[in-house]
Enquirer: 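Let me give you the structure first, and then I'll get to my questions.
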Protein chains: 2
Amino acid sequence: MSPHPIPDELCCPAGSEPLDGVAATVESPEADAELAALAKALAHPVRVRIVRMLARREARMCSHIVDELPLAQSTVSEHLRVLKAAGLIVANESSPRVGYCIAPAALTRFKALLQAL
Amino acid sequence: MSPHPIPDELCCPAGSEPLDGVAATVESPEADAELAALAKALAHPVRVRIVRMLARREARMCSHIVDELPLAQSTVSEHLRVLKAAGLIVANESSPRVGYCIAPAALTRFKALLQAL
DNA sequence: CGTGTGTATCGTCAATCGACGATTGACGAT
DNA sequence: ATCGTCAATCGTCGATTGACGATACACACG
């Protein structure tokens with residue numbers, strides 16, 4: 001059997017749609033830095049892939065992603081760290097197996113900032 | 001007097017709205033690489049600022065941007081090169097007065113790729 | 001033809017990135 | 001208590017980035 005027996009529902013607070021990512025300024029030096037930081041987090045094909053996988057709920061754990069990609073576990077962990085640092089994903093630190101999922105608010109904010117260009 | 005006497009209408013074909021950036025695939029390994037490349041081009045506050053200035057038509061020439069930012073001319077030129085390589089901006093190569101402007105199609109494509117996440 | 005203006009390119013240098021293996025730490029299960 | 005699994009961290013290495021000054025280039029104008 002696979003050592004990763006498909007995770008149960010151990011993701012983020014489920015249907016949380018904060019929608020607060022549209023409140024802040026969209027044109028300012030701070031917005032420039034914010035957009036640049038978000039773009040930087042997505043500035044790698046592997047990270048785009050990871051975000052897509054998490055958005056589709058195709059994976060929740062680091063090991064799942066390692067299975068899908070031709071990369072070492074430490075490399076995947078580092079990409080997850082970058083995405084988490086940018087706020088694009090969040091981790092369930094409480095659960096046994098650390099479930100990752102996307103942060104809808106950050107993604108919404110990203111889209112809003114880009115749309116404003 | 002300013003050595004940059006405000007440029008005349010030396011921008012791109014003006015009201016060109018190709019809108020062809022929505023035709024290609026939005027979920028694929030190629031799309032991942034494409035989105036990552038576009039994000040990488042915007043992954044710097046200065047480049048975000050430059051794109052914003054060009055989108056607002058506040059500047060068209062490299063020298064205008066140099067006037068606005070605390071950066072050397074060669075640095076600004078390099079940022080412009082990165083943006084042009086990513087296809088986000090285009091240049092009127094006709095003269096020393098190179099007129100830069102945003103590439104609406106690339107920006108639209110960028111937005112479409114991000115929205116698909 | 002020389003001069004000034006506006007850009008691009010080159011070379012350099014410090015800093016950051018991306019990848020890896022190895023190690024460590026946390027749990028659950030045996 | 002030991003083992004196996006999952007993930008984070010550390011240290012390293014080569015490649016890339018970002019910044020700069022200096023230089024070279026293209027053209028308009030005198």
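Throughout, a chain's letter reflects where its sequence line sits, starting with A, and its residues are numbered from 1. The structure displayed is predicted, hence computed values, not measured ones.
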Enquirer: Assess the residue pair Leu113(A) and Asp32(A) against the criterion (side-chain contact (heavy atoms from CB on, under 4.5 Å)); give the C-alpha distance rounded to whole Å, side-chain angles, the decisive distance to 0.1 Å, and a yes or no.
Expert: CA-CA 9 Å; Leu113(A) 284 164; Asp32(A) 289 354; over 6 Å; no
Enquirer: Distance check: side-chain N/O of His64(A) vs OP1/OP2 of dC6(D), anything under 4.0 Å?
Expert: no
Enquirer: Quick one: the side chain of Ser74(A) and the base of dG21(C), do they pair up donor-acceptor inside 3.5 Å?
Expert: yes
Enquirer: Would you say dA8(D) has OP1 or OP2 under 4.0 Å from some side-chain N or O of Ser77(A)?
Expert: yes
Enquirer: Looking at Glu27(B) and Arg56(A), is any side-chain nitrogen of the basic one under 4.0 Å from a carboxylate oxygen of the acidic one?
Expert: yes
Enquirer: In whole angstrom, what separates Met61(A)'s CE from dA8(D)'s P?
Expert: 11 Å
Enquirer: Just compare dG18(C), dC20(D), dG18(D) and give me whichever is closest to any side-chain atom of Leu71(B).
Expert: dC20(D)
Enquirer: Does the pair Ile89(A) and Cys101(A) meet the rule for a side-chain contact (heavy atoms from CB on, under 4.5 Å), with working shown?
Expert: CA-CA 6 Å; Ile89(A) 67 176; Cys101(A) 54; over 6 Å; no
Enquirer: Heavy atoms, side chains only, cut-off 4.5 Å: are Gln73(A) and Ser77(A) in contact?
Expert: yes
Enquirer: Between the main-chain N or O of Met61(B) and the side-chain N or O of His64(B), is there a donor-acceptor pair closer than 3.5 Å?
Expert: yes
Enquirer: Taking only N and O in the side chain of Arg81(A), is any of them less than 4.0 Å away from OP1 or OP2 of dA7(D)?
Expert: no
Enquirer: Between atom NE2 in His44(A) and atom C1' in dT16(D), what is the gap in whole Å?
Expert: 11 Å
Enquirer: Mapping Ala72(A) and Lys40(A) onto DNA chain C by nearest heavy atom, which one lands closer to the 5' end?
Expert: Lys40(A)
Enquirer: Spell out yes or no: do the side chain of Gln73(B) and the base of dA8(C) have one donor N/O and one acceptor N/O closer than 3.5 Å?
Expert: yes
Enquirer: Looking at dT17(D), I'd like to know if its phosphate oxygens (OP1 or OP2) sit under 4.0 Å from a side-chain N or O belonging to His79(B).
Expert: no
Enquirer: Indicate yes or no for a side-chain donor-acceptor contact from Ser28(B) to the backbone of Ala31(B) under 3.5 Å, with no hydrogens or angles considered.
Expert: yes
Enquirer: Considering just the side-chain nitrogens and oxygens of Thr75(B), establish if one lies under 4.0 Å of OP1 or OP2 belonging to dG18(D).
Expert: no
Enquirer: Quick one: is Tyr100(B) getting a side-chain N or O under 4.0 Å of the dA8(C) phosphate, OP1 or OP2?
Expert: yes
Enquirer: Given the rule that a pair is Watson-Crick or G-U wobble with both distances under 3.5 Å, how would you write DNA chain C in dot-bracket, using | for pairs to a different strand?
Expert: ||||||||||||||||||||||||||||||
